[in-house]
S.K.: 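Let me begin by handing over the structure; questions about it come next.
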Amino acid sequence: MFDLRKIEITDNEVLAVEHKFGFRFNEGQLKLLRYWETVDVQACPGSGKTTTLAAKLMLLSQKIPPSFSQGICIITHTNIAVEEIKEKLGDAAKFFFQYPNHFGTIQSFVDKYLTIPYYKNKYKSSPKIVEEFAYNDIISNLYELVVTKTVDFLERKNVFLGGLVYNRHNFNISKNLNNTEKFDIKGLKPDTCERYYKKIQSAKEKVLSYGYMTYDEAYSIAFKYIREFPHVLDAIRQRFPMVFVDEMQDMEVHQSALISTLFGQDSIIQKIGDINQSIFSSRASEDQAEWKPVINQDIQLRISNRLSGNIAALVKDICCRPQEMTGRDHSEIKPIIFVYETHSILKVKDEFAKRVIINNLASVGDIKIIGSRIGKDSKLNISSYWPEFNRVYQKSHYKNLNSYLNYLEINLPSIQNVKQVRLTFLNCICECLKICGIKNPLTNFNFTPFSFIKYVNDVGHPDKIINMDLKIADWIIKTKNSVSIKSDFISLIRGILKFFGGNSCTELEEFLANEDIAVDEERPEQKIYTFVDGENSVDIHFDTIHGVKGETHSATLYLETFTRLYDVGGKILNFIIADNVGKEKLRKDKACYKKLPHAYVALTRPTHLLAIAVNKERFLQTHLEYFGEESNGWELVFI
Ligand SMILES: Nc1ncnc2c1ncn2[C@@H]1O[C@H](COP(=O)(O)OP(=O)(O)OP(=O)(O)O)[C@@H](O)[C@H]1O
C-alpha cells in the first residue's frame, strides 16, 4: 500500500524541479522537500516558504499513484496565497484542485466540509455566510426585533446586537466567538438578563433559519457539528492523511483551534509560517493566535534568498521573536535613513529614486515605497509623500445635492437594483456630514455608507434606518414620477445633523442650495510614480505594507506614518538603536510590540536597497549618534 511517510525523492527529481524554478535549493529547503512527517516550519523572510511548498507539492503530485484514494489538503489564510502557490505550481496545480484533494483558504475548508453540510442537513437549504456589517443590517432590520424594544434597551447598555455571536464552545450567544460564557449586561439582575438573552436568542435563531450567519459563526457551526457528530472527524482524517498549512502565523485563535481539532495524531500536518510576520488580523490583538511552533532544529528555513547579507544582519532582530537569518551574498549598498524636514517631504521619493538609478536597480526587480497608513486626512500617511497616490479607483463625485438628484432622475429608469439607489442617498448623506466636519465618534474617521448604518444601528436606533429606507422607497416613486424630493431630503439631513448634535454650516447650505449640475471627474487608480532625471527614469510603486506582504523588491523605502503614534520616529528607530537588553524591554512595551511586525515585513522586502524615511522633528540626538556612526552599517541622508 502507498505510504506517504515513505516517499523518497531522488536527486534527479529535485534537479528537474530546480530546473523549472531556475535555481538550486539550499540545504534547509532540500531537507523540507524530503521530510514527510508532522512538523512546524518557522521560516525567515524570503527563505522560500511559498516556493519550497510549491516545489514539494510538485514532487508529491508525481509520487501519488492513481490508485491512491485519499486526498492531500492544502490550507492557506488568504486567496492571494492560494493564487501565489497555484502560479508557482503551474500544471501541477490541477492535481490538487481535483477530488479527493482540497486546496483553498481555511474559511473555504470550514464552509465546504462542515458548516454547509451541517446547515443543509438541519435546515434543508443552503446558508448564506455573510460579513459582519451585512449580518448587522439583516438582524437590525428584522421587524419583530424592533417592536420588542430589546435592541433599544441593549444599545443603551452598550451591547451591539450585530456583534453578538454564537460562540464556538457551546453555541451560546456571547460577545466573542472564543468566549464560553453567555453575554451579560452589567447592572442587570440575572433574571432580567436571561429574559433579554432569550429574546436575542430567538431573533438569532430566526436569522439563522433564514440562512444567515457571519463568517465567524460558520466556525461555531463547524465546532457544533463536530460535538454532535464526532465521527465527522474520522471521515475528514481518513480523507486527508496529509495536510499543509501555509501562513500559519496569520491564523486566528478559532482557526488554529479548528485545525488542531480536525487533524489528529495519525495525520501528517506540516505548518509553515513566520511568527514575526503576523500582520493580517484587523481585529483586537487578543483574537490573533500567537502561533508557537514546536521547533524541529533540523527542518527550519533560516537562509533568506531575498535579503543581502548586510540587510539581513541589520534587520533580523527588529521583530517580536528574534530568529536566525542569514542573507544571500554581501551587497555594497548600505541601508539608508532619509531624514526630511516637513517642507521637504515631497522630495523623499525623488531622493530614493536617485539612489535606485545610481545603483542600477530598476532592471533588477520592483521598486516600492510603502507605509502603514493610507488616507487623505491630515495625519501623516502615504499620500503625504505623494499626494497623487490613489490606491483604488475613485468614482465620480457629485458637487452638490442637485447633482446627486439629477443623476438619480436620469439613471433611475435603468437602475435595476434598489440597493444602488440607497447607496447613492447614503453617499450623499455622508458627504453632508463630512462637509459639516461630523466624523464617526467611535473611530474619528469620516463616515462611509457602511459605517454610517452601523453607527446609527449601534448608537441610535434601528427604527431610524427603517424609517430612512421607507423614505428612500417613497423617493424612488416620486423621482420616477418627476416629483421633487429635494425638500424632503434636506429635512432628513437636518434631522441627521441634529442626531449627531451638529450644526449646518455655510458650505453645507451652499451644497444643498446650489442649482448647478457639477460632477468631479472620476479618479483612476494611481499607484506608480515615474521619476525622470535626464535620460534616466524609474517607475516606483506606492503601496501599503499589507499590500506587499510576501513580495520581493530590489529596493524598498519604508515611510514613517501616523497611526496612534509615529511608527518610525516614535518607536522603530529607538528599537533599532537599542542593545539586546533594551530591545527586550521595548518588546514589553505594548505599543512598540504592535508596530514591530509591520516594520519587520517592510524591512525584509528588498534584495538590494533598503531605506527608511523619518521626519527630522522626531530624529533625536541619540538617533543621530547611532546612524551617524559608520560602523553601525547605515547611511544617513538629510533632505
Ligand atoms: N534556493 C533559492 N535560490 C534562489 N532563489 C530562491 C530560492 N528559494 C527561493 N528563492 C527566491 O527567493 C524569493 C523569496 O521566495 P518566497 O517568496 O518563496 O519566500 P517567502 O519565504 O514565501 O517570503 P516571505 O517571508 O516574504 O513571505 C523568491 O523570489 C524566490 O524565487
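In this chain, residues are counted from 1 in sequence order. Both counts, for ligands and for their atoms, begin at 1 and track the order of listing. Excluded from the calculations below are hydrogen atoms, water molecules and symmetry mates; all remaining heavy atoms, backbone and side chain alike, are included.
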S.K.: Starting from atom 20 (P) of ligand 1, what is the nearest protein heavy atom, named by residue and atom, and what distance separates them?
M.R.: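 That would be K49 N, 3.5 Å.
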S.K.: If the threshold is 4.0 Å, N to carboxylate O, is there a salt bridge linking D317 and R587?
M.R.: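 Salt bridge: no.
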S.K.: Tell me whether S47 reaches ligand 1 (any heavy atom closer than 4.0 angstrom to a ligand atom).
M.R.: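 So S47 counts as touching ligand 1.
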S.K.: Do R34 and Q29 get their side chains close enough for a donor-acceptor pair, meaning under 3.5 Å?
M.R.: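 Judged by distance alone, the side chains do not pair up.
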S.K.: Just to be sure I read this right, does ligand 1 sit under 4.0 Å from the backbone of R306, its side chain, both, or neither, counting only heavy atoms?
M.R.: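 The answer is the side chain.
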S.K.: Is D274 reaching over with its side chain to a backbone N or O of N276, donor-acceptor style, under 3.5 angstrom?
M.R.: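 Yes, D274 side chain to N276 backbone: donor-acceptor pair under 3.5 Å.
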S.K.: Using modelled atom types only, decide if a donor and an acceptor are shared between the side chain of Q249 and the backbone of S278 within a distance under 3.5 Å.
M.R.: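 Side chain of Q249 to backbone of S278: no pair is present.
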S.K.: Verify the distance criterion only: is there a donor paired with an acceptor across the side chains of T51 and K88 at less than 3.5 Å?
M.R.: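 Result is yes, a qualifying pair exists.
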S.K.: Nearest to atom 13 (C) of ligand 1, what protein heavy atom do you find, and at what distance?
M.R.: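 Protein heavy atom with the smallest distance to atom 13 (C) of ligand 1: T552 OG1, 3.8 Å.
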S.K.: With respect to atom 16 (P) of ligand 1, which of T607, T51, L301 exhibits the smallest heavy-atom separation?
M.R.: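 Looking at heavy atoms only, T51 sits closest to atom 16 (P) of ligand 1.
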S.K.: Please report which non-hydrogen protein atom sits nearest to atom 27 (O) of ligand 1, along with the residue it belongs to and the distance in Å to one decimal place.
M.R.: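 Going by distance alone, atom 27 (O) of ligand 1 is nearest to G550 CA, 3.5 Å.
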S.K.: Looking only at protein heavy atoms, identify the closest one to atom 12 (O) of ligand 1 and say how far it is in Å.
M.R.: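 For atom 12 (O) of ligand 1, the nearest protein heavy atom is N305 CB, 3.5 Å.
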S.K.: Which of the atoms of ligand 1 are close to Q29, meaning less than 4.0 Å from one of its heavy atoms?
M.R.: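 Heavy-atom distances to Q29 below 4.0 Å select 1 (N), 2 (C), 7 (C), 8 (N), 9 (C).
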S.K.: Contact between Q277 and ligand 1, counting heavy atoms under 4.0 Å?
M.R.: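 The answer is yes, since Q277 has a heavy atom less than 4.0 Å from ligand 1.
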S.K.: Which heavy atom of the protein is the closest neighbour of atom 22 (O) of ligand 1, given with residue, atom name and distance?
M.R.: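 Checked against all protein heavy atoms, atom 22 (O) of ligand 1 sits closest to T50 OG1, 2.8 Å.
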S.K.: Is it the case that the side chain of E560 and the backbone of N615 share a donor-acceptor pair, with hydrogens and angles ignored and the cut-off at 3.5 Å?
M.R.: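 Judged by distance alone, yes, a pair lies under 3.5 Å.
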S.K.: Quick check for you: to the nearest 0.5 Å, what is the distance between I106 atom CD1 and D246 atom CG?
M.R.: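 Interatomic distance, I106 CD1 to D246 CG, rounded to 0.5 Å: 12.5 Å.
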S.K.: Determine whether any heavy atom of R24 lies closer than 4.0 Å to an atom of ligand 1.
M.R.: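 The answer is yes: ligand 1 sits under 4.0 Å from a heavy atom of R24.
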S.K.: Considering only the protein, which heavy-atom contact is closest to atom 19 (O) of ligand 1, and what is its distance?
M.R.: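 Residue, atom and distance for the closest contact: G48 N, 3.2 Å.
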S.K.: Check E84 with K49, please: is the shortest side-chain N to carboxylate O separation under 4.0 Å?
M.R.: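 Result for this pair is no, no salt bridge flagged.
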S.K.: Quick check: does R605 get an N/O under 3.5 Å from an N/O on ligand 1?
M.R.: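 Indeed, backbone or side chain, R605 has an N or O that close.
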S.K.: Is there at least one pair of N or O atoms, one from F25 and one from ligand 1, spaced under 3.5 Å apart?
M.R.: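 No: no nitrogen or oxygen of F25 is under 3.5 Å from one in ligand 1.
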S.K.: If I apply the N/O under 3.5 Å rule, does F23 come out as touching ligand 1?
M.R.: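 There is no such contact.
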S.K.: Would you give the length of the straight line joining atom CG of L258 to atom CG of L114, rounded to the nearest 0.5 angstrom?
M.R.: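 Separation between the atoms: 6.5 Å.
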S.K.: E351 side chain to V348 main-chain N or O, any donor-acceptor pair under 3.5 Å?
M.R.: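 Judged by distance alone, no pair lies under 3.5 Å.
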